[in-house]
Amino acid sequence: SGTGGSGVALIAHETRPSGTNGGVAVAGANARDLNTIEHNAISATPLPNGNIEVPAGEYFAHFRTAAGWGGNSSRLIDVTNGGAVLCSGDTGAFAYGGYIQVSQGSCLLSLSSNTEIELQTYAAAGSYGSAWGLGYANGTPGQPEKYATLVLTQGGSGGGSSLTTPPTC
């Protein structure tokens, strides 16, 4: 169950082999492939489509996505319940020499049942066919590229929310 306990509940990333760009962005929603689970204390289920099914419970979510073009933001989507936006991140700021735009956000999630969550980069414009529209590879030998991260934490098991400190990506 997702209730009770405290601390880091889940850390998931979209990773690609070293030197591999993040992929072509389309205008609008770009689902991120959370293909690497670093920590899973809640028995969340990675799905073949790159989404994650999260058990019912209360979580503090922090998420970050990279993109190679301006005007992008990150957001968490509730796929189980019709694709509603659970929370949105900021419009990204450029980093890493102006090549990568990073958008991040955080919010409290109260899930009444197991919920399929999708992490997205929402692009204001497409990347015009560029293979780095969803992130520019840094190419460090032997180091996988990370283009998206989702961290869920839990508070204590008392009544009400005890989640006060956001996790970091």
Side-chain angles (χ1 to χ4, degrees), residues 1-16 22-23 25-26 28-67 71-96 100-124 134-135 143-169:
S1 168
T3 59
S6 63
V8 176
L10 177 74
I11 302 173
H13 306 283
E14 175 184 5
T15 62
R16 294 181 186 238
V26 298
N30 294 269
R32 305 313 297 239
D33 181 6
L34 295 174
N35 57 12
T36 303
I37 304 298
E38 180 179 328
H39 179 78
N40 188 356
I42 56 172
S43 300
T45 305
L47 301 173
N49 62 2
N51 296 344
I52 295 179
E53 185 176 76
V54 177
E58 187 173 80
Y59 305 94
F60 196 93
H62 186 77
F63 48 95
R64 179 186 313 190
T65 63
N72 299 298
S73 61
S74 54
R75 61 190 193 173
L76 282 179
I77 303 296
D78 179 345
V79 175
T80 300
N81 296 300
V85 176
L86 294 168
C87 44
S88 294
D90 58 5
T91 298
F94 281 102
Y96 309 109
I100 299 296
Q101 184 189 56
V102 177
S103 170
Q104 62 185 9
S106 55
C107 64
L108 182 65
L109 298 178
S110 293
L111 307 176
S112 60
S113 62
N114 289 4
T115 303
E116 181 180 345
I117 292 177
E118 178 176 274
L119 180 57
Q120 293 180 346
T121 294
Y122 192 83
L134 291 174
Q143 295 288 325
E145 309 290 344
K146 287 185 185 175
Y147 292 113
T149 297
L150 170 64
V151 177
L152 300 180
T153 59
Q154 292 180 297
S157 57
S161 173
S162 58
L163 301 174
T164 57
T165 304
T168 59
C169 289

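Being a predicted model, the structure only gives us computed values, none of them experimental.
Side-chain atoms of Asn30 come within 3.5 Å of backbone N or O of Gly28 as a donor-acceptor pair. Remark: the backbone N or O of Thr15 is paired with a side-chain donor or acceptor of Asn35 at under 3.5 angstrom. Between the side chain of Ser113 and the backbone N or O of Ala56, no donor-acceptor pair lies under 3.5 Å.
Using a 4.5 Å cut-off on side-chain heavy atoms (C-beta onward), Leu108 and Glu58 make contact. Put simply, the side chain of Leu109 reaches to within 4.5 Å of the side chain of Leu76, judged on heavy atoms. Looking only at side-chain heavy atoms (C-beta outward), Ile77 and Ile117 stay at 4.5 Å or farther from each other. In this structure, the side chains of Leu111 and Tyr59 come closer than 4.5 Å at one or more pairs of heavy atoms. Asn72 places none of its side-chain heavy atoms less than 4.5 Å from the side chain of Ser103. Residues Leu10 and Ile37 meet the side-chain proximity criterion, which asks for heavy atoms closer than 4.5 Å.
Between the side chains of Thr121 and Arg32, at least one donor N or O lies within less than 3.5 Å of an accepting N or O.
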Asn114 and Thr80: CA distance, side-chain angles, deciding distance, side chain to side chain contact (heavy atoms under 4.5 Å, CB included) verdict: CA-CA 8 Å; Asn114 289 4; Thr80 300; over 6 Å; no
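Between atom CD1 of residue Ile11 and atom CG of residue Leu34 there is a gap of 12.5 Å, rounded to the nearest 0.5 Å. Atom OG1 of residue Thr149 and atom CD of residue Glu14 lie 9.5 Å apart, to the nearest 0.5 angstrom. Between the OG1 atom of Thr36 and the CZ atom of Arg16 there is a distance of 11.0 Å, given to the nearest 0.5 Å. Once rounded to the nearest 0.5 Å, the distance linking NE2 of His13 with NE2 of His39 reads 11.0 Å.
The heavy-atom pair separating Gly89 from Ser73 by the smallest distance is O-CB, 4.0 Å. Among all heavy-atom pairs drawn from Leu152 and Ala61, the shortest one is CD2-CB, 3.6 Å. Between Cys107 and Leu86, the closest heavy-atom pair is SG-O, 4.4 Å. Scanning both residues, Gly50 and Asp33, for their nearest heavy atoms gives CA-OD1, 3.2 Å. Closest non-hydrogen pair, Asn51 versus Glu116, comes out as ND2-OE2, 2.7 Å. Across every non-hydrogen atom of Phe63 and Ser106, the tightest pair is CE2-N, 3.9 Å.
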